[in-house]
Amino acid sequence: MSYRRSYRSKYPTIPEESLSGTYDDSECEALIQHKDNIQTEYSPNGPPHSSKWQVRIFLTLLSLFSATGGFLFGYDTGVVSGAMLKVDESFSLKPVWHELIVSVTIAAAAISAILAGPLTDFLGRRPVLLIASLVFTIGAVVMGVSPNKYVLLFGRVIVGIGIGFAAMAVPMYIAESAPAHMRGKLVVLNNLFITGGQFVATIIDGAFSSLSVNVGWRFMLSLAAVPSII
């Protein structure tokens, strides 16, 4: 069987001059194999069906774990609304301290988000995500064991730094990891997790609101360490 004839029947769009007297049978066989490899690797339809699902599952899990940063963003900005009701009583806060403890997290997040841009370029997206998880964990522990309002304020600053890092690195990491046909679906997971974190925060606030004044808010704030460790 002539591989030139096989090549012509398989790829009729190839110009005739590409095959006429130029390649012998062994060279045509190599061309067929090379063409098949190119179609497998770069076809708009993607890899074979079984590989498609493997890639889809892997990218979905990757995005879900990465979007944990978005979950912590929503949780730490939402849980404080319920926790402050107990903190006010526990530390007898004045209004200015109430405002500081609530707002300092967003201020720290704004500054750290600016710094996270060059940091992600220098270290990469994944290392910044790992740093953000570590920062979230430290901040949650500090807030949970706070003996006074000053330590609590410091813990809220630490959490704000983690929020800024996550807000910058998570969507970039997901978008750069996902192929074009899945990018929109996966990137939106970050936004979904932010609102999901706020929703879970309200449930946690309600669940621990019945505990004593000096205990309930500590659980509310420190539970943020659980998803950050994961």
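In this chain, numbering begins with 1 at the start of the sequence shown. Just so you know, these numbers use all the heavy atoms, side chains as well, and skip hydrogens, waters and symmetry mates.
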First locate atom [atom1] of [X], then atom [atom2] of [Y], and finally report the distance between them rounded to the nearest 0.5 Å.
X    : Y    : atom1 : atom2 : value
H181 : R56  : NE2   : CZ    : 5.0 Å
E176 : R183 : CD    : CZ    : 9.0 Å
I174 : S63  : CD1   : OG    : 4.5 Å
I229 : T68  : CD1   : OG1   : 12.5 Å
M182 : L59  : CE    : CG    : 5.0 Å
T105 : L153 : OG1   : CG    : 8.5 Å

### Query
What pairs of residues pass the salt bridge (Lys or Arg N to Asp or Glu O under 4.0 Å) test when at least one of them lies in residues 163-172, not counting sequence neighbours?
none
Hey, quick one: are [X] and [Y] part of the same hydrophobic cluster, counting side-chain heavy atoms closer than 4.5 Å, chains of contacts allowed?
X    : Y    : result
F122 : F165 : yes
V80  : L85  : no
L221 : V145 : no
L115 : L134 : no
F208 : V215 : yes

Tell me the closest heavy-atom pair linking [X] and [Y], and the distance in Å.
X    : Y    : value
V128 : G124 : CG2-O, 3.3 Å
A225 : A140 : N-CB, 3.5 Å
A178 : L186 : CB-CD1, 3.6 Å
A166 : F136 : CB-CE1, 4.0 Å
V170 : G69  : CG2-CA, 4.2 Å
V213 : S90  : CG1-N, 3.6 Å

### Summary
Of D76, I158, V151, the one forming a side chain to side chain contact (heavy atoms under 4.5 Å, CB included) with M143 is D76
### Message
So, applying side chain to side chain contact (heavy atoms under 4.5 Å, CB included) with Y173, which one of V187, L62, N190, T120 is it?
### Response
L62
Heavy-atom side-chain contact between [X] and [Y] under 4.5 Å:
X    : Y    : result
I57  : T60  : no
M168 : M172 : yes
S81  : D205 : yes
L72  : I163 : no
F71  : I194 : no
T202 : V79  : no
L93  : I101 : yes

### Test log, rule side chain to side chain contact (heavy atoms under 4.5 Å, CB included), inputs F199 and Y75
CA-CA 8 Å; F199 174 71; Y75 183 87; over 6 Å; no
When you measure from the side chain of [X] to the backbone of [Y], do you find a donor-acceptor pair of N or O atoms at a distance under 3.5 Å?
X    : Y    : result
R156 : V104 : no
S92  : D88  : no
R218 : N214 : yes
K86  : S209 : yes
S222 : G144 : no
R125 : A169 : no

### Task
Before giving the answer on side chain to side chain contact (heavy atoms under 4.5 Å, CB included), spell out for L152 and N148 the whole-Å C-alpha distance, their side-chain angles and the decisive distance to 0.1 Å.
CA-CA 6 Å; L152 179 59; N148 53 54; over 6 Å; no
## Note on the structure
Taken in chain and number order and not counting sequence neighbours, the residues that satisfy side-chain contact (heavy atoms from CB on, under 4.5 Å) with A110 are none
### Task
Quick one: do W217 and F91 satisfy side chain to side chain contact (heavy atoms under 4.5 Å, CB included)? Show the steps, please.
CA-CA 12 Å; W217 64 268; F91 293 143; 3.8 Å; yes
### Message
F219 vs I204, test: side chain to side chain contact (heavy atoms under 4.5 Å, CB included). Steps then yes/no.
### Response
CA-CA 9 Å; F219 280 104; I204 296 297; over 6 Å; no
### Message
We want to know whether S228 and S133 form a side-chain donor-acceptor pair, criterion being a heavy-atom distance below 3.5 angstrom.
### Response
no
### Query
With a 6.0 Å cut-off on ring centres, are W53 and F58 close enough?
no
